[in-house]
Enquirer: 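A single structure is presented below for examination.
A quick note: this is a predicted structure, and the numbers were derived from the prediction, not measured. Whatever order the structure lists them in is the order used to number ligands and atoms, beginning at 1.
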Amino acid sequence: MTFQKLAEYFAQLELTSSRNAMVEILSRLFGEAEASEIDKVVYLTQGRVAPLYEPVEFGMAEKMILRALELAFGVGVGKATEIFKKNGDLGEAARDLSNKINKNKKNNKKTVTEVFMELLRIAQSGGEGSVEKKIGILSGLLQESDPLSAKYIARIPVDKMRLGFSDMTVLEGLSWMMDKTKGNKPAMEAVYNIRPDLGYIAKQVRAVIKAGKKQALASIEEIKPVTGTPLLPMRAERAASPDDILENTGGRCAIEPKVDGLRTQLHIKRAQRWGLKAGSCEVRLYSRGLENVTGMYPDLVAAAEKEIACEDVILDGEAIGYNPQSGKFLPFQETVQRKRKYDIESFSKNVPLKLIVFDCLYLNGRSLINEPYTVRRKEVEKLLRKENTIQPAEMHIVNDAAEIEKLFHAALAKNLEGIMAKKLDGVYQAGARGWNWIKYKKSYESKLADTIDAVVMGYDYGQGKRSKFGVGAFLVGVYDKKEDSFKTISKIGTGLTDEEWQELAARGKGLAVSEKPKNYNVNKTMGCDVWLRPKLVGEFKADELTKSPMHTAGLALRFPRLVRWREKNPEDTTSTKEMEAIFKLQAK
Ligand code: ATP
């Protein structure tokens with residue numbers, strides 16, 4: 001497929017706001033792409049040159065793109081900036097300039113793969129002189145492009161593709177390609193949850209689609225977890241009491257402490273398989289949002305190399321700081337400091353971490369996710385030792401409410417958040433929130449049973465006291481997976497400290513977009529002065545949830561306040577379905 005053809009599809013996608021139309025356009029695009037290039041097509045629709053969990057970044061600022069444009073089209077310094085300032089869109093500026101020079105490049109034969117490889121080269125050039133190198137590659141690419149292709153090529157390195165859909169819509173596009181229905185999406189989603197590489201999934205389907213839908217579905221059913229690709233973490237339901245826990249677990253369950261650190265998935269691959277030096281291994285760590293965070297945890301990497309004697313393994317757990325003198329776990333705020341990007345070495349000495357492992361998902365070529373909890377737990381115990389840095393979570397099997405209450409209070413006394421109950425025969429439901437895991441937290445004593453994670457969708461300029469921050473109130477919403485849209489739950493104008501307002505203004509700055517994103521479902525009365533793309537996630541506490549006709553989620557937060565900013569994907573905010581469940585729980 002030529003990149004020009006792909007750019008025509010991008011233009012169609014950009015023009016429509018109907019989700020069904022997008023699904024249909026995507027399915028045509030996927031059907032037209034060859035199996036050998038469809039992975040690249042999928043990554044490019046997301047403005048990327050790798051799956052979302054790969055840390056491949058372009059490292060280009062707007063200014064660098066503008067210089068590449070000036071070089072590509074031989075216009076004087078400042079000319080591109082001038083055009084960009086006029087229309088506010090780098091892509092349009094690129095198209096304008098290209099139109100003047102490359103208007104006649106009507107049938108541009110450059111393929112998707114060729115453009116993809118050049119973009120990848122930009123992302124991979126680092127070190128001394130890399131700024132000039134990146135600009136050089138991009139200007140070469142722009143020079144050889146037709147105007148429409150130039151528009152999208154200029155947007156990709158600065159993460160400005162914004163076609164208005166996320167992974168779920170891509171899966172629907174693939175489903176539609178199979179039989180013109182969205183009916184195959186659940187099957188696709190099930191594999192996406194254990195291997196969230198859309199390019200890979202698309203390739204599997206595309207390779208056999210000519211043999212029919214049955215064949216395509218069979219090919220994705222074979223997809224298993226692999227080391228080096230994070231699984232979507234499993235999540236827990238909420239219980240209102242120990243009796244509630246027993247009722248939902250068949251009267252007997254495992255209880256583990258709920259530690260409040262950073263959800264971390266540990267992947268180890270032994271030398272034999274990756275052709276590394278014999279006896280060595282590669283360790284990777286992933287966050288809850290599937291980000292590769294290996295660089296942040298040199299101490300856990302070293303511990304994994306030393307303490308775990310197996311070949312290939314994927315473990316799920318929580319990394320938490322502890323006081324080396326007392327051995328006590330530290331509050332979340334101290335653990336989270338590890339997230340800063342500098343001085344990691346000295347930080348790992350001052351605030352060392354432990355990885356508390358509560359699950360084993362894959363071991364030496366065998367997926368364990370469909371095994372019962374007890375089997376997976378046994379593997380955790382075989383692999384790890386209590387006294388090590390990477391250690392198994394404490395665990396008790398119970399069948400009595402009083403016992404659960406006791407363990408809950410013991411956890412609180414240790415400054416922990418509460419407990420997690422696990423169904424003994426429960427499988428690991430990647431990416432899902434189910435009753436196989438149940439959380440029971442301290443905060444459940446208040447009327448609103450839990451905090452809500454919501455994405456900041458936009459804000460209004462401040463008046464009075466807060467005008468100095470530039471933000472007076474902000475709109476937050478939660479994700480509706482079925483509709484691939486964000487629905488509002490509150491416009492918040494109080495409950496933040498001055499520092500938090502400042503931080504919101506600073507974080508919001510880089511996220512502003514000129515129009516309301518297409519997948520924002522907002523009532524007219526809730527419009528914002530500035531719209532933000534979905535990125536910034538906060539955890540909010542409120543007195544209760546109330547029914548609301550003004551908010552598109554149907555429920556709203558009463559007296560909301562910010563607890564903390566969260567490292568979560570916007571699609572991982574409290575779902576609309578969970579909001580309903582929390583609403584019911586607060587009435588209990
Ligand atoms: P969720 O993860 O349920 O979407 P959340 O991010 O707000 O919600 P919590 O409500 O605090 O998190 O509870 C679930 C989280 O608890 C897990 O994602 C995990 O990070 C953490 N956790 C701590 N201890 C355990 C444990 N023993 N078993 C499973 N998860 C645990």
Side-chain angles (χ1 to χ4, degrees), residues 193 230-239 245 249 253-266 285-291 293 315-321 329-332 335-336 353-361 373 376-377 380-381 384 391-397 404 407-408 410-412 414-423 426 428-444 448-455 478-479 481 537-541 563-579 581-582 585:
N193 287 340
L231 289 86
L232 264 71
M234 175 168 172
R235 279 149 322 141
E237 280 291 352
R238 302 164 171 83
I245 291 177
T249 51
C253 63
I255 299 287
E256 299 169 0
K258 186 175 187 313
V259 282
D260 192 15
L262 297 161
R263 182 85 176 256
T264 304
Q265 217 175 86
L266 170 69
L285 294 146
Y286 296 93
S287 71
R288 185 188 197 290
L290 309 189
E291 200 189 341
V293 287
L315 299 172
D316 192 2
E318 192 90 355
I320 183 161
F329 291 136
L330 298 175
F332 176 79
T335 302
V336 81
L353 294 182
K354 286 197 189 321
L355 181 64
I356 310 298
V357 172
F358 43 74
D359 226 308
C360 178
L361 315 183
Y373 167 83
R376 303 196 312 274
R377 170 74 200 186
V380 171
E381 285 171 9
L384 309 176
Q391 56 183 244
E394 198 187 304
M395 192 272 285
H396 301 267
I397 292 183
I404 296 179
L407 289 168
F408 174 63
L412 297 190
K414 282 193 213 153
N415 275 339
L416 298 173
E417 264 194 311
I419 50 174
M420 296 287 285
K422 311 241 165 127
K423 207 188 259 177
Y428 187 92
Q429 298 162 298
R433 187 182 301 282
W435 287 99
N436 288 354
W437 286 11
I438 305 172
K439 52 188 176 187
Y440 181 45
K441 297 206 289 197
K442 191 165 62 179
S443 57
Y444 296 178
L448 172 55
D450 204 352
T451 52
I452 304 285
D453 293 325
V455 65
V478 291
Y479 185 58
K481 193 168 177 182
V537 175
E539 178 178 355
F540 298 93
K541 181 119 194 74
V563 179
R564 61 186 180 192
W565 297 113
R566 293 215 58 170
E567 301 294 330
K568 260 193 172 183
N569 285 336
E571 288 85 10
D572 261 345
T573 50
T574 309
S575 67
T576 41
K577 218 166 110 197
E578 267 179 277
M579 296 273 294
I582 297 172
L585 201 64

Enquirer: Could you tell me whether some N/O pair between M234 and ligand 1 is separated by less than 3.5 angstrom?
Expert: no

Enquirer: For residues M234 and N436, report the shortest heavy-atom separation together with the two atoms involved.
Expert: CE-CB, 3.6 Å

Enquirer: May I ask whether R238 has any heavy atom positioned less than 4.0 angstrom from an atom of ligand 1?
Expert: no

Enquirer: Output yes when a side-chain donor or acceptor of N569 lies under 3.5 Å from a complementary backbone atom of G289, and no otherwise.
Expert: yes

Enquirer: Under 4.0 Å from ligand 1, counting heavy atoms only, is it the side chain of D260, its backbone, both or neither?
Expert: neither

Enquirer: Does only the side chain of K258 get under 4.0 Å from ligand 1, or the backbone, or both, or neither? Count heavy atoms.
Expert: both

Enquirer: Hey, does R288 sit under 4.0 Å from ligand 1 if you only count heavy atoms?
Expert: yes

Enquirer: Check each of I419, L407, I255 against Y440 using the side chain to side chain contact (heavy atoms under 4.5 Å, CB included) test, and report the only one that passes.
Expert: I419

Enquirer: Taking only heavy atoms of R433 into account, list the atoms of ligand 1 that are under 4.0 Å away from them.
Expert: 1 (P), 3 (O), 4 (O)

Enquirer: List in chain and number order the residues that pass side chain to side chain donor-acceptor pair (under 3.5 Å) with K568, two or more places apart in sequence or in another chain; answer none if no residue qualifies.
Expert: D453

Enquirer: Relative to atom 8 (O) of ligand 1, which among E417, K439, E567 owns the nearest non-hydrogen atom?
Expert: K439

Enquirer: Would you say M395 and E381 make side-chain contact, with heavy atoms under 4.5 Å?
Expert: yes

Enquirer: Distance under 4.0 Å to a non-hydrogen atom of D453: what atoms of ligand 1 satisfy this?
Expert: 7 (O)

Enquirer: For R235, take its heavy atoms, then give the atoms of ligand 1 lying under 4.0 Å from any of them.
Expert: 1 (P), 2 (O), 3 (O), 4 (O)

Enquirer: Is it the side chain, the backbone, both or neither of K441 that has a heavy atom closer than 4.0 Å to ligand 1?
Expert: side chain

Enquirer: Would a distance-only check, ignoring hydrogens and angles, find a side-chain to backbone donor-acceptor pair under 3.5 Å from Q265 to L231?
Expert: yes

Enquirer: Any donor and acceptor pair, going by atom type alone, linking the side chain of T335 with main-chain N or O of I320 inside 3.5 Å?
Expert: no

Enquirer: Mind checking whether K422 has an N or O less than 3.5 Å away from an N or O of ligand 1?
Expert: yes

Enquirer: Taking only heavy atoms of K568, which atoms of ligand 1 are found under 4.0 Å from at least one of them?
Expert: 4 (O), 5 (P), 6 (O), 7 (O)

Enquirer: Any nitrogen or oxygen of P257, main chain or side chain, under 3.5 Å from a nitrogen or oxygen of ligand 1?
Expert: yes

Enquirer: Which atoms of ligand 1 are found less than 4.0 Å from any heavy atom of R566?
Expert: 5 (P), 6 (O), 7 (O)

Enquirer: Any sub-3.5 Å donor-acceptor pair from E318's side-chain atoms to G261's backbone N or O?
Expert: yes

Enquirer: Are any of the side-chain nitrogens in R235 or D572 under 4.0 Å away from the carboxylate oxygens of its partner?
Expert: yes

Enquirer: Report yes if some N/O of E318 lies less than 3.5 Å from some N/O of ligand 1; otherwise report no.
Expert: yes

Enquirer: Judged on heavy-atom distance to atom 27 (N) of ligand 1, which of E578, E394, E256, E237 sits nearest?
Expert: E256

Enquirer: Taking side-chain contact (heavy atoms from CB on, under 4.5 Å) as the test, write out the residues that go with D316, two or more places apart.
Expert: R263, F358, D359, L361, Y428, W437

